[in-house]
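Residue numbering restarts at 1 for every chain, and letters A, B, ... go by the order of the sequence lines.
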Amino acid sequence: MDEQYDPQAIEQAAQEHWLTHNSFAVQMDDTREKFYCLSMFPYPSGKLHMGHVRNYTIGDAISRYQRMQGRNVLQPMGWDAFGLPAENAAIKHNVPPAKWTAENIVEMRAQLRQLGFAYDWDREIATCDPDYYRWEQWFFTRLFDKGLAYKKQAEVNWCETDQTVLANEQVIDGLCWRCDNPVERREIDQWFFKITDYAEELLADLDKLEHWPERVRTMQRNWIGRSEGVELDFDFNGTPLTVYTTRPDTLMGATYLAVAVQHPVAKQAAADNPALATFIEEQSRVKVAEADMATMEKLGMDTGLRAVHPLSGESVPIWVANFVLMSYGSGAVMSVPGHDERDHAFACKYGLPIVQVVDKAGDDYTYDATTWHDWYADKEGTTSINSGEFDGRDFQGTFDAIADRLEALGRGTRKVNFRLRDWGVSRQRYWGAPIPIINCEECGSVTVPEEDLPVVLPTEVEFEGVGSPLKQMPEFYVTQCPNCGGAAERETDTFDTFMESSWYYARYGCANNHSAMLDAEADYWAPVDQYIGGIEHAILHLLYSRFYHKLLRDEGLVSSDEPFTRLLTQGMVLKDGAKMSKSKGNTVDPQSLIDRFGADTVRLFSMFAAPPDQSLEWSDEAVQGANRFLKRLWKMAAAHCAGEAPAALDAASLDDRQRDVRRKTHETIAKVSDDYGRRQTFNTAIAAVMELCNEVGKLDESDQDRAVRAEALHAIVLMLSPIVPHICHALWQALGETDDILNVPWPGVDESALTRDSIEMAVQVNGKLRARMDVPADAAREAVEELALQQDNVRKFIADATVRKVIVVPGKLVNIVAK
RNA sequence: GCGAGUGUGGUGGAAUCGGUAUACACAUCAGACUUAAAAUCUGACGGCCGCAAGGCUAUGCGGGUUCAAGUCCCGCCACUCGCACCA
C-alpha cells in the first residue's frame, strides 16, 4: 500500500470499479426490504454548486448506509431540464435551448460521477426528453376527460412593446426586463388543474407525514388555508349580494358591506358616478408587491347603493374598498367594525356606524367608538349582545343559531373556504412540454389523441425577441381537428415546469418503459422512503407532488397515498454569513476543490461542518482540516498494513488499555449507527469516528494491540464508507479484504466488549461538581453513597452541614444535598 | 402584523429522555523536527483568582420550577425563515 494518500488515483480507481461492475443498478427483489432514496434533481444550469454537493452527499450517505443495512436501495438521478434560464441563454448567446441544456447535462453528469455518487444511471431521465413528457401529455388528456383540467381566463404580465407574456421574474419594478417599458395586466385563456378538489385530503394527510419537518407541514397547512364559515346573501335590488364570513355570530353587528374594486356591483355603481369610476381605475392600477399590500392605507368610497340585511331587514350602505380581495370568497364582505380590526379602522375613517355585538364576561368595558379593546375578536368566554333573539349565547351557540336561521330562510349556507387556488399549469413560453390540445373553431378545445402523442417540441428554433418561437411556427401549430377534421390550431402554450417535477420520482421506477407512464415496478419502488432537498421547495413543489401522487393513485397507477415518506430539508451553504450567489461574488466552485483535495475531502467537509438541516458556513481552513483527517487515516492504515498480519483477537487476554480501545470501537459503532439511521446527524457520527481514531493512535505494536487495531480499522473504514466511499474502497482492500466493501454489511456491536469493571462517577454537593470517583460497575447504591461521602473534597463541603438527601443516578453521578 | 425557528468559547459546532457544559474540528499560541519555511508531530487553549490543590463565574437578558436547568415554564431582547389585507 502506498504511503502517500493520493486522492486522484484512489478516486479514479474506485469509480472505474463501480462503473465496470455496474455496482448501483437495481432491480425488484422481494427477498429484501426496498429503500428508495431520492435527492431533488438539479436544473442543468451549467455547473454544480456547493448546494448540490451538499444535497447529493447527504442522499448518497443515506443510500449507502441503507444498502449496508441489507436493503434493496434505489438512488436515481436526472434533470429538471425545462425552464426559463435556457431561453434566456438562447437569447443571449444565440444557441437553441435544447443544445444549451444538453451540453450542460453532459458537464454536470461528469461532475456527479467525479463525486462518486451511487446512482443507478440506467434510470437517468431528462424532463425535456419526449419519452418523458409524452406521459405527462397523456396524463393531461386523462385529467381533461375527468374534468380535472380546465380552461379559464387569468391575468398575466403583458409587455405591449414585445407583444409577449412575461414571467414574474422578468418584471423588474413594473417594467419589462428587455425593453424597460411598463408591464400591464391582461386576461388570457389559461389551463388549470383542480387542486382545490383535493384541498381537504391534502390538508388531512399532512397529519400522516410524521417524518416530515413540522415547519414544512405548517407552511403547507397555512398555504391551503382552510376556514369554516357561512356564505350568505344580502338583498340588492332583488338580487342576492353574496358575502363570506367566518364570524356569522357577529352578523347583527354588520353595519355596511365592502366590495372589491373588481366586483360587478362596483362596476355597476361606477357607470353613473365618475368620481367612483376614477377611484376604481386608480385602485386597480396600483400594482405593488404583496408585502406592501398589508401595510397599504385602507381606502374606500361609498357607492351610494344599499343592500338589505338578511335578518334585521335594515338597509346598509355598500362601499368599494381597496383591501377586499376579488379572488377570495365572493369578493364582497360584510363589515363588522365592532369586532374586526380592518373594519374598525375603515369605519372610524369614514364615519360609519359601529355596533358592539359580543361582550366579554367579567369585563366592565363599555364600548365607545374612540377606544378599542384587546378581546374584540375572541371566541372564548364571550356572550352575544345587541343581537335580538340571539343574545346571551356563546360564540358557537350564536354561530350555529344564526347559520341555522339563514339556512332555514334560504339566505345562506355553511361553507368551507380555502386559501389555496387552482393550479395554473400553462405558460406562454417556448422551452416546456407542449400542452396536447388542438383548438378548433367548431369543436373548441380537443385533446390530442393518444396515438398522436407525444406532441414533440421543435428543437431547431431561432429566437427573435422574447416571445415564444412556437407562435411564429405554422409548421408546428397548423393542424386538423381530430374531432371534425377541419382546419385547426395547436395550442402553443407549454406546461409549467412544476408539472415535470411533480411526478419524476415515480418515473424513475420504470424509466425505460416505453409503453406506459408507470408500471408495477414503479409501484414497487414508490413511495420515496427518503427525500432530500432544499427548504425553498417546502410549499409549491412538495404540494404539487403530493397532489399529483393522489391523481396518479386515482388513475390506478400507484397504490400509496403520499409520495415522500420521510423528508429532510437541508440547510443553505453560506459564505461570510450570506447565501452563496454569483451577484454577491461569494461562491465557491466545487470543481476546484475536487481538483485540489479530491471528492472525499469535499464530501467529508460538507457532512462534518454542520447537521444536515442547518445552514453550513463555508470555511476554506476547515476543508483543509477534513483533508488532514483523511491523510492521517491513510497513514495510520499504511503503518498498520506495513507490519506483519495481525494475530487473531483474543478478547479474554486483553489488558485494561486494550480493552478500553476495544470498548471505544464498539461504543462508536453503536453511536454512529444511531446517528446515521435515526438521528441523521452525520456531523456527530464523523466526530465519533475521529475520537476513535485518536484512541487507536495510542496503540503500539504488540500482538494484541495490533489485533485490537485491526478490528477498529475495519469498523472505521466501514463506518466512514457512506461519506468517503473512495478512500474506504481502497483501505478495505489494503486491510486484506477481498470482498467489495459495497457488499459488506454494516458492523455489529459486540455487547461483551461494552462491559466495564469500574465506572467513573461524578459527585456533586448541592448540584455543584466536587469530585470524580471510580466505582465498581456492580457496586450497590449504598456502597456508591458511602464512597461519595468519603471523597476529600466532598467532606470539605459538607463538614459544616447536615446531609439531608443523597441522589444517585446509576452509572452517572451522585448528588449530596446538604444544609 | 401573524406563525415557526435560532441564540453555547476567537470560529463551525457537541451535550440525544432534566444529570459531569464547551465533545470533535478550525484558528491561535508554545515546543519538537528543519540552515529556514512549509508539511508533520507534541502540548496549551471560556473568563477571573491562585505557585498549586482548588475556588468563583459563564450557554442572549430577567424571573420561576427542581436535589439538579443550555435543556422545562413565564416575560423580554436580537437575528433568520415563512405567510402577508384570506373577511
Side-chain angles (χ1 to χ4, degrees), chain A residues 213-219 221-223 225-227 229 243-247 250 258 289-296 298 321-325 327-336 339-343 345-346 417-421 535-536 538-539 571-572 574 577 605 608-611 613-626 628-629 631-632 635 671 674-675 678-679 681 683-691 693-694 697 760-772 792-793 796-797 804-819:
Chain A
E214 188 52 45
R215 183 151 81 114
V216 175
R217 294 198 285 169
T218 304
M219 279 160 75
R221 242 177 238 122
N222 293 340
W223 189 262
R226 183 182 193 274
S227 69
V243 302
Y244 175 73
T245 181
T246 55
R247 295 297 302 270
T250 63
E290 286 189 326
D292 304 323
M293 300 236 315
T295 50
M296 208 163 73
K298 285 158 187 54
N322 66 345
F323 63 87
V324 179
L325 303 173
S327 52
Y328 184 77
S330 59
V333 296
M334 65 177 210
S335 294
V336 185
H339 304 281
D340 180 276
E341 196 179 349
R342 286 159 308 175
D343 295 349
F346 195 82
N417 243 330
F418 292 95
R419 192 186 161 283
L420 182 70
R421 306 292 143 73
I535 187 73
E536 66 272 22
I539 299 177
M572 286 189 301
L574 310 178
F605 168 76
F608 179 57
D613 55 351
Q614 272 180 37
S615 61
L616 182 157
E617 176 66 32
W618 188 263
S619 159
D620 288 325
E621 290 84 8
V623 174
Q624 297 214 32
R628 194 147 52 213
F629 170 72
K631 280 198 253 182
R632 263 202 305 267
K635 265 170 77 175
K671 171 165 177 57
D674 191 41
D675 283 353
R678 179 182 64 90
R679 299 214 303 155
T681 52
N683 56 324
T684 52
I686 294 165
V689 175
M690 285 175 169
E691 276 185 63
C693 286
N694 293 342
E760 190 189 64
M761 290 181 76
V763 185
Q764 298 177 332
V765 177
N766 293 328
K768 291 199 182 221
L769 181 69
R770 296 302 176 192
R772 293 173 207 276
D792 287 348
N793 205 35
K796 216 164 88 187
F797 278 89
R804 308 261 177 196
K805 205 199 272 189
V806 178
I807 286 147
V808 178
V809 182
K812 290 212 163 135
L813 63 77
V814 180
N815 189 13
I816 297 159
V817 186
K819 275 186 182 157

Check RNA chain B against residues 328-336 of chain A and give the residues with a non-hydrogen atom under 4.0 Å, in numerical order. A:Tyr328, A:Val333
Would you kindly give the CG-to-P distance between A:Leu813 and B:C17, to the nearest whole Å? 18 Å
Can you name the residues that form a ring pair (Phe, Tyr, Trp, His ring centres under 6.0 Å) with A:Phe605, not counting sequence neighbours? A:Trp618
Euclidean distance, atom CG of residue A:Asn322 to atom P of B:C86 [Å, nearest integer]: 13 Å
Do A:Arg221 and A:Glu214 meet the salt-bridge criterion of a basic N to acidic O distance under 4.0 Å? yes
Nearest whole Å is fine: how far is B:C17 C1' from A:Asp674 CG? 13 Å
Whole-angstrom distance between B:U34 and B:A39, as gauged at atom C1': 11 Å
Distance between the P atoms of B:C26 and B:C41, in whole angstroms? 10 Å
Excluding sequence neighbours, so at least two apart, what forms salt bridge (Lys or Arg N to Asp or Glu O under 4.0 Å) with A:Asp613? none
Short side-chain N/O contact from A:Asn694 to OP1 or OP2 of B:A25, under 4.0 Å: yes
Answer with base, sugar-phosphate or nothing: what part of the nucleic acid does A:Ser227 contact at a heavy-atom distance below 4.0 Å? sugar-phosphate
Touch check for A:Asp343, heavy atoms < 4.0 angstrom, all strands: base, sugar-phosphate only, or nothing? nothing
Any side-chain heavy-atom pair from A:Met761 and A:Leu813 closer than 4.5 angstrom? no
More than 12 foreign heavy atoms under 6.0 Å from CZ of A:Arg226: is that the case here? yes
How would you label the contact of A:Arg419 with the nucleic acid (heavy atoms, under 4.0 Å): base, sugar-phosphate, or nothing? base
Are the side chains of A:Arg632 and A:Cys693 in touch, meaning some heavy atoms are under 4.5 Å apart? no
Could you tell me whether the side chain of A:Arg419 reaches within less than 4.5 Å of the side chain of A:Asn222, counting heavy atoms only? no
Review item, nucleotides 64-68 of chain B N/O atoms under 3.5 Å of protein N/O:
residue : atom : partner  : partner atom : Å
B:C67   : O2'  : A:Asn815 : ND2          : 3.3
B:C67   : O2   : A:Asn815 : ND2          : 2.7

Partner nucleotide of B:C81 by Watson-Crick or wobble geometry (both distances under 3.5 Å): B:G3
Side-chain touch A:Ile816/A:Arg770, heavy atoms, less than 4.5 angstrom: no
Quick check for you: to the nearest 0.5 Å, what is the distance between A:Lys768 atom NZ and A:Asn815 atom CG? 12.0 Å
5' priority, RNA chain B, between A:Thr245 and A:Glu691 [closest heavy atom]: A:Glu691
With rounding to the closest Å, how many angstrom separate the C1' atoms on B:U71 and B:U6? 15 Å
Distances for protein N/O vs nucleotides 52-54 of chain B N/O pairs under 3.5 angstrom?
none

By side chain to side chain contact (heavy atoms under 4.5 Å, CB included), which residues pair with A:Pro213, not counting sequence neighbours? A:Val216, A:Leu567, A:Thr569
From CD of A:Gln624 over to C1' of B:C26, roughly how many Å is that when rounded to an integer? 11 Å
With a 4.5 Å limit on heavy-atom distance, are the side chains of A:Phe608 and A:Met690 in contact? yes
Separation of B:U6 atom P from A:Arg215 atom CZ, nearest Å, is 10 Å
Using a heavy-atom cut-off of 4.0 Å across all strands, would you classify A:Val324 as base, sugar-phosphate, or nothing? base
Listed partners of A:Glu760 passing side-chain hydrogen bond (donor to acceptor under 3.5 Å, both in side chains), at least two apart: none
From the set B:C83, B:C86, B:A25, return the single nucleotide nearest to any side-chain atom of A:Met690. B:A25
Using purine N1 to pyrimidine N3 plus N6-O4 or O6-N4 for Watson-Crick, or N1-O2 and O6-N3 for G-U wobble, both under 3.5 Å, which nucleotide pairs with B:C51? none
Do A:Thr684 and A:Arg679 have side chains that get closer than 4.5 Å, going by heavy atoms? yes
Distance in Å, A:His339 NE2 paired with A:Arg247 CZ, rounded so as to fall on 0.5 Å steps: 8.0 Å
For the P atoms, the ones on B:G70 and on B:C61, what distance do you get once it is rounded to whole angstrom? 12 Å
Show me the protein contacts with nucleotides 13-15 of chain B, counting only N or O atoms at under 3.5 Å.
residue : atom : partner  : partner atom : Å
B:A14   : OP1  : A:Asn683 : ND2          : 3.1
B:A15   : OP1  : A:Arg679 : NH1          : 3.0
B:A15   : OP1  : A:Arg679 : NH2          : 2.8

Give me the distances for all protein-to-nucleotides 42-45 of chain B N/O pairs that come in under 3.5 Å?
none

Below 4.5 Å, heavy atoms only, C-beta onward: do A:Leu574 and A:Leu616 meet side chain to side chain? no
Scan A:Gly225 against the nucleic acid and name what it touches under 4.0 Å (heavy atoms): base, sugar-phosphate only, or nothing. nothing
For A:Glu691, check side-chain hydrogen bond (donor to acceptor under 3.5 Å, both in side chains) against everything at least two apart and list the hits. A:Lys664
Is there a side-chain polar atom (N or O) of A:Arg628 under 4.0 Å from OP1 or OP2 of B:A39? no
Earlier contact from the 5' end, RNA chain B, for A:Glu341 and A:Gly811: A:Glu341
Which way is the base of B:C17 turned, syn or anti, if we draw the line at 90° from 0? syn
Would you mind reporting whether A:Tyr328 and A:Asn417 have side-chain heavy atoms less than 4.5 Å apart? yes
Distance-only donor-acceptor test (3.5 Å): side chain A:Arg342, base B:C86: no
Integer angstrom distance from the C1' of B:A53 to that of B:U66: 32 Å
Look at the side chain of A:Leu325 and decide which nucleotide, out of B:A87, B:U57, B:A4, has an atom nearest to it. B:A87
A:Phe323: what forms a ring pair (Phe, Tyr, Trp, His ring centres under 6.0 Å) with it, not counting sequence neighbours? A:Phe346
Quote, to the nearest angstrom, the P distance that separates B:A78 from B:A23. 32 Å
The Watson-Crick or G-U wobble partner of B:U11, with both key distances under 3.5 Å, is B:A25
Considering only atom P, compute the distance from B:C56 to B:A68 and round it to an integer number of Å. 16 Å
Tell me: CZ of A:Arg632 to P of B:U40, nearest whole Å? 8 Å
Distance between the C1' atoms of B:C17 and B:U40, in whole angstroms? 43 Å
A:Ala818 backbone acceptor or donor facing A:Asn766 side chain under 3.5 Å: yes
Go through the structure and list residues passing side-chain hydrogen bond (donor to acceptor under 3.5 Å, both in side chains) with A:Asn793, not counting sequence neighbours. A:Lys796
Is there a donor on the side chain of A:Arg678 or the base of B:U16 sitting less than 3.5 Å from an acceptor on the other? yes
With syn defined as a glycosidic angle within 90 degrees of 0 and anti as anything else, the base of B:G47 is anti
